[in-house]
Peer 1: 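Here it is, the structure, as structure tokens.
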Amino acid sequence: MEAMIDAGVHMGFSRETATVLVHHTLLGSTKFAMETGEHPAVLRNSVTSPAGTTASAIYELENGKFRTVIKDAIWACYRRSLEMGGKCSQVGPNRVSTDSLFGVGSPMSSDTRSHHPVEPPTGEMKTKS
């Protein structure tokens with residue numbers, strides 16, 4: 001959000017106007033996604049014209065590996081939360097199996113009841129039915 005506001009200021013908008021534009025852009029797209037229940041790819045395709053502004057922006061985001069950076073940041077956050085809770089954080093992409101480090105059955109090994117290294121978070125947010 002901050003980078004979007006800064007880009008608006010760089011383009012010539014006042015910081016106040018850029019902030020309002022970014023807030024409304026994010027709010028509108030979030031509300032639209034929540035109200036339609038459509039997959040984000042469907043929504044993106046519905047607003048992306050060939051060689052249009054959205055297509056140009058998406059090209060730059062993908063070229064800069066935006067998806068990878070976001071996914072890596074979310075994994076880093078999750079791993080850190082595990083560490084803070086005293087659990088093994090060797091989960092996710094590019095991580096070594098804790099079984100190979102500590103042996104199966106070790107307190108630091110992954111739970112073998114699931115093909116996932118750890119159980120998914122509990123207490124997920126409820127969605128509108």
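When a residue number appears, it is its place in the shown sequence, counting from 1. Everything numeric here is computed off the predicted structure, so don't read it as measured data.
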Peer 1: Output, in order, the C-alpha distance, side-chain angles, deciding distance and verdict of side chain to side chain contact (heavy atoms under 4.5 Å, CB included) for Trp75 and Val91.
Peer 2: CA-CA 8 Å; Trp75 273 107; Val91 298; 3.9 Å; yes

Peer 1: Side chain to side chain contact (heavy atoms under 4.5 Å, CB included) with His39: which residues, sequence neighbours excluded?
Peer 2: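 Expected list: Ala41, Val42.
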
Peer 1: Who are the side chain to side chain donor-acceptor pair (under 3.5 Å) partners of Ser29, not counting sequence neighbours?
Peer 2: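 Result, side chain to side chain donor-acceptor pair (under 3.5 Å) vs Ser29: none returned.
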
Peer 1: Got a sec, which residues hit salt bridge (Lys or Arg N to Asp or Glu O under 4.0 Å) with Arg15, two or more places apart in sequence or on another chain?
Peer 2: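 Residues passing salt bridge (Lys or Arg N to Asp or Glu O under 4.0 Å) with Arg15: Asp6.
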
Peer 1: Under a single-linkage rule joining Ile, Leu, Val, Met, Phe, Trp and Tyr whose side-chain heavy atoms are separated by less than 4.5 Å, which residues share a cluster with Phe66?
Peer 2: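 Result for Phe66 is Leu61, Ile70, Ile74.
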
Peer 1: With Met1, which residues qualify under side chain to side chain contact (heavy atoms under 4.5 Å, CB included), at least two apart?
Peer 2: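 In terms of side chain to side chain contact (heavy atoms under 4.5 Å, CB included), with neighbours along the sequence ignored, Met1 is linked to Ile5, Val22, His23, Leu26.
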
Peer 1: Rounded to the nearest 0.5 Å, how far does OG of Ser81 lie from NZ of Lys87?
Peer 2: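 Going from NZ on Lys87 over to OG on Ser81, the span is 9.0 Å.
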
Peer 1: Could you note down all residue pairs passing salt bridge (Lys or Arg N to Asp or Glu O under 4.0 Å) where residues 48-57 supplies at least one of them, sequence neighbours left out?
Peer 2: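 Applying salt bridge (Lys or Arg N to Asp or Glu O under 4.0 Å) to every pair that reaches into residues 48-57, excluding sequence neighbours, yields nothing.
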
Peer 1: Distance check, rounded to the nearest 0.5 Å: Met4 atom CE versus Thr19 atom OG1?
Peer 2: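 Rounded to the nearest 0.5 Å, the CE-OG1 separation comes to 11.0 Å.
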
Peer 1: Would you mind listing every side-chain hydrogen bond (donor to acceptor under 3.5 Å, both in side chains) that reaches into residues 47-59, with sequence neighbours excluded?
Peer 2: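 Residue pairs with at least one partner in residues 47-59: there are none.
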
Peer 1: Going by salt bridge (Lys or Arg N to Asp or Glu O under 4.0 Å), name the pairs with one or both residues in residues 68-81, residues two or more places apart or in two chains.
Peer 2: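 Qualifying pairs, neighbours excluded: Arg80-Glu83.
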
Peer 1: Give me each pair satisfying salt bridge (Lys or Arg N to Asp or Glu O under 4.0 Å) with a member in residues 43-63, each pair once, sequence neighbours excluded.
Peer 2: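 For residues 43-63: Glu62-Arg67.
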
Peer 1: Apply side chain to side chain donor-acceptor pair (under 3.5 Å) to Glu38 and list each qualifying residue two or more places apart in sequence or on a separate chain.
Peer 2: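 Per chain and number, Glu38 pairs via side chain to side chain donor-acceptor pair (under 3.5 Å) with no residue.
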
Peer 1: Looking at Leu82 and Cys88, what are the two nearest heavy atoms and their distance?
Peer 2: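 Closest pair (atom of Leu82, atom of Cys88, distance): CD1-O, 3.6 Å.
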
Peer 1: Who clusters with Phe32? Use side-chain heavy atoms, under 4.5 angstrom, across I, L, V, M, F, W and Y, and order the result by chain and number.
Peer 2: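 Members other than Phe32 - counting any ILVMFWY side chain reachable under 4.5 Å - are Leu43.
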
Peer 1: For Ser46, what residues pass the side chain to side chain donor-acceptor pair (under 3.5 Å) criterion, not counting sequence neighbours?
Peer 2: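 Counting only residues at least two positions away or on another chain, Ser46 forms no side chain to side chain donor-acceptor pair (under 3.5 Å).
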
